[in-house]
Amino acid sequence: MKLEGKVWKYGDNIDTDVIIPARYLVTTDPKVLAAHCMEDLDESFAQNVQPGDIMVGGANFGCGSSREHAPISIKGAGVSCIVAESFARIFFRNAINIGLPILESAEAARDAQPGDSLSVDLTAGTITNARTGKTYQARPFPPFVLQIIEAGGLVPYTRHTLGIEI
Amino acid sequence: MGKTLAEKIIAAHSDQAEVSAGDLVTVDVTVVMANDITAPIAIESFNAVGVGEVYNPDNIMLVPSHFAPNKDIKSAEQTRTLATFAEAQALTHRFQVGRAGIEHVVLPERGLVLPGDLVIGGDSHTCTYGAVGAFATGMGSTDVAVGMATGKTWLRVPETMKFVYNGKRQPWVYGKDMILRTIGEITVDGALYRSMEFTGEGIADLPMSDRLTMTNMVIEAGGKCGFMPFDEVAQAYVDARATRPYTPYFADDDAEYCSVHEFDLSTMEPQVACPYSPDNVHPISQIKPEKVDQVFIGSCTNGRFEDLAIVADILQRTGREFHPDVRVMIIPGSQAVYLDALRQGWIELFTLAGGAVSVSTCGPCLGGHMGVLAGDEVCVSTSNRNFRGRMGHRDARVFLANPAIAAASAIMGRLAHPDEL
Ligand code: SF4
């Protein structure tokens with residue numbers, strides 16, 4: 001699967017409170033959550049993000065609370081994938097579980113600048129930056145995690161393993 | 001090679017005789033927990049899985065805590081989702097406003113999480129239960145949903161970091177200061193994906209409430225889980241509460257640790273985490289004594305009986321009141337704590353001193369309700385996070401501290417050390 005999009009670049013330790021502040025956690029609607037995604041850090045994001053855009057973060061992306069509303073709001077905003085130096089543990093699981101692709105590559109994340117255009121090959125785990133012409137290899141997922149991704153998230157994966165018809 | 005606590009407990013819940021750091025394993029879960037924010041999505045996903053009934057109605061705990069008592073119509077709908085599901089699935093344990101409180105205070109206090117348990121919770125501070133010797137870790141709603149449906153989850157066995165506290169704690173230094181200092185040293189991703197084992201004479205010396213405070217903040221270092229040793233202190237606490245048999249585990253002497261960190265308590269003073277990160281930690285003596293607008297004493301970090309006892313003791317010993325310009329929110333972590341405080345006469349004491357005491361809730365800790373901060377306001381809080389916007393306006397500034405610093409600051413109207421009173 002190939003993705004292409006414009007970079008929204010953020011720093012280290014982007015926490016779930018800035019991704020989606022608690023005051024909006026009274027809903028689970030992805031559209032409503034998306035409208036407030038990142039607003040305490042970058043008000044322009046929710047207004048200007050285009051479907052397919054790629055979010056780039058530094059180390060420990062998604063640290064803080066376990067709120068699945070965080071990856072839901074990012075996915076709801078149309079972001080096609082997140083590239084970061086590293087992900088916080090719960091955010092990592094949540095993103096995989098809801099079918100939001102994430103890739104770990106310190107180099108790709110550091111080199112990317114706001115507005116750069118990235119293309120991502122999820123199957124190969126590669127990230128190419130159109131401006132620099134460089135291609136980066138992301139850290140591969142364990143096979144088990146790949147199965148969840150391929151199933152489209154943890155719910156379809158579990159239905160499959162339990163033998164429940166889709 | 002010996003095994004760490006995480007390796008032993010995960011192995012005991014898997015179908016393998018032993019596991020090692022790095023292994024991916026499927027495990028049986030003892031308890032699945034979620035709150036009024038994470039449970040609504042978990043229930044939706046549970047329904048999407050399509051098994052109909054939960055795996056085990058005895059081990060699912062849905063606790064309304066964050067926006068409960070309901071702060072608005074939307075949060076009322078959310079807490080109702082929990083209650084309706086609990087009833088429809090005939091869950092054994094029910095948690096209602098007025099009878100419960102914050103999950104991480106309530107579950108250990110009622111003996112619902114025990115040594116050797118494997119707990120997953122739809123709340124990042126689920127790691128708190130490591131203080132009683134459970135492998136406990138926070139997950140998102142979808143993981144919770146699958147845990148409710150199948151009684152299982154998958155885990156990567158974490159590497160373990162060992163933290164040794166030597167020497168004797170100085171006056172006004174608590175578990176909160178020990179964990180803040182630790183996070184200050186290793187930073188907010190210093191324990192990413194890892195387990196944290198706490199040991200040393202400084203831990204042996206520590207009451208359960210302080211141990212719970214420390215394991216509570218494991219996630220603030222990015223940790224997956226944390227453990228306190230199962231010693232006499234832990235056993236007395238657990239035996240007074242256990243609702244079922246349990247199996248304590250002990251780390252082997254030759255267990256493999258990816259790093260060992262030592263701290264000297266004899267020179268450690270009270271610590272404060274400055275805005276906007278729990279690892280921006282400095283000794284209180286090195287922080288500008290800023291004027292404060294609000295003090296929050298409560299949360300799953302420091303909302304227990306012993307925490308309120310520190311505040312009560314300072315008020316009684318000094319005979320002082322809270323500063324008239326400061327809003328002082330004192331929120332017991334559970335209704336049991338509230339009742340104990342009431343019986344001690346502390347609710348009256350706090351109220352006469354000018355404090356606002358409320359029913360148990362997470363409330364201000366996450367900028368939910370009961371004390372949301374305005375722009376530029378300064379708050380001293382006994383909770384665990386001071387990210388931008390965490391307790392309200394994005395420009396509000398939160399200083400994390402222990403209950404004694406919070407009480408002294410509430411009295412002085414500025415960041416203060418209790419010795420100044
Ligand atoms: S008190 Fe704060 S940190 Fe603890 S569970 Fe509630 S919101 Fe989370």
Side-chain angles (χ1 to χ4, degrees), chain A residues 12-29 32 39-41 43 58-72 85-99 142-145 148 153-159 161-162 164-166, chain B residues 24 26 37-38 40-42 44-46 48-51 66-67 71-75 77-78 121-126 137-146 149-150 154 156 158 187-189 192-193 219-220 222-224 276-277 279 366-368 372 385 387-394:
Chain A
D12 289 340
N13 302 313
I14 296 300
D15 63 79
T16 53
D17 277 288
V18 308
I19 296 172
I20 185 74
R23 55 187 179 273
Y24 302 118
L25 302 185
V26 289
T27 177
T28 57
D29 183 340
V32 179
E39 78 178 16
D40 280 355
L41 192 66
E43 275 177 39
N60 202 23
F61 187 95
C63 63
S65 95
S66 67
R67 59 187 73 158
E68 213 158 283
H69 311 64
I72 291 174
E85 286 185 38
S86 65
F87 290 91
R89 196 188 63 76
I90 305 177
F91 186 91
F92 178 94
R93 290 183 77 108
N94 286 348
I96 302 281
N97 286 346
I98 66 159
F144 178 68
V145 173
I148 298 175
L154 188 65
V155 168
Y157 173 83
T158 306
R159 284 177 64 93
T161 52
L162 293 176
I164 299 172
E165 289 304 315
I166 314 237
Chain B
L24 275 179
T26 300
I37 289 179
T38 54
I41 297 183
E44 245 174 73
S45 301
F46 172 86
V49 172
V51 288
H66 284 56
F67 296 144
K71 77 173 177 105
D72 56 16
I73 294 168
K74 285 179 175 166
S75 57
E77 298 292 351
Q78 287 188 319
D123 191 278
S124 59
H125 292 100
T126 301
T137 192
M139 292 190 182
S141 297
T142 305
D143 277 313
V144 165
V146 169
T150 64
W154 67 271
R156 184 183 162 281
T187 78
V188 287
D189 66 352
L192 199 58
Y193 298 103
I219 182 69
E220 268 63 66
K224 176 180 228 153
Y276 287 99
S277 180
D279 66 2
L366 78 160
V372 177
R385 286 188 179 139
F387 300 141
R388 209 176 251 292
R390 170 71 182 183
M391 292 184 68
H393 195 282
R394 65 184 301 279

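Residue numbers begin at 1 in each chain, while the letters A, B, ... track the order of the sequences.
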So, [X] side chain and [Y] main chain: donor-acceptor pair closer than 3.5 Å or not?
X        : Y        : result
B:Ser141 : B:Thr38  : yes
B:Arg394 : A:Val18  : no
A:Glu85  : A:Asp12  : no
A:Arg23  : B:Gly368 : no
A:Asp17  : B:Gly389 : no

Checklist entry - Does atom CD of B:Glu77 have more than 12 heavy-atom neighbours, drawn from other residues, nucleotides or ligands, at distances under 6.0 Å? => result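 Above 12, so yes.
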
Side chain / backbone / both / neither for [X] at chain A, heavy atoms under 4.5 Å:
X        : result
B:Ala48  : both
B:Ser277 : neither
B:Tyr193 : both
B:Glu44  : side chain
B:Arg385 : side chain
B:Val146 : side chain

Checklist entry - Which residue out of A:Val145, A:Asp40, A:Asn94 racks up the most heavy-atom pairs below 4.5 Å with chain B? => result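 Highest number of pairs under 4.5 Å: A:Asp40.
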
Next on the checklist: Is a donor from one side chain sitting under 3.5 angstrom from an acceptor on the other, for B:Thr126 and B:Asp123?
Outcome noted: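 The criterion, which ignores hydrogens and geometry beyond distance, is not satisfied for B:Asp123 and B:Thr126.
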
Heavy-atom cut-off 4.5 Å, strictly under: side chain, backbone, both or neither for [X] against chain B?
X        : answer
A:Leu25  : both
A:Tyr157 : neither
A:Ile96  : neither
A:Asn13  : side chain
A:Ser86  : side chain
A:Ser65  : both

Checklist entry - About how many Å separate OG1 of A:Thr28 and NZ of B:Lys74, when rounded to the nearest 0.5 Å? => result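 So the gap between those two atoms works out to 10.5 Å.
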
With chain A as the partner, which of [options] has the greatest number of non-hydrogen pairs under 4.5 Å?
options                                : answer
B:Leu192, B:Thr137, B:Asp143           : B:Asp143
B:His393, B:Arg156, B:Met139, B:Arg388 : B:Met139
B:Leu366, B:Leu24, B:Ile219, B:Ile41   : B:Ile41

Checklist entry - Under 4.5 Å between any side-chain heavy atoms of B:Met391 and B:Val372, yes or no? => result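 The answer is no; the side chains never approach within 4.5 Å.
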
Next on the checklist: For A:Ile19 versus A:Gly62, what's the shortest heavy-atom pair and its separation?
Outcome noted: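 So the minimum-distance heavy-atom pair works out to CD1-CA, 4.1 Å.
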
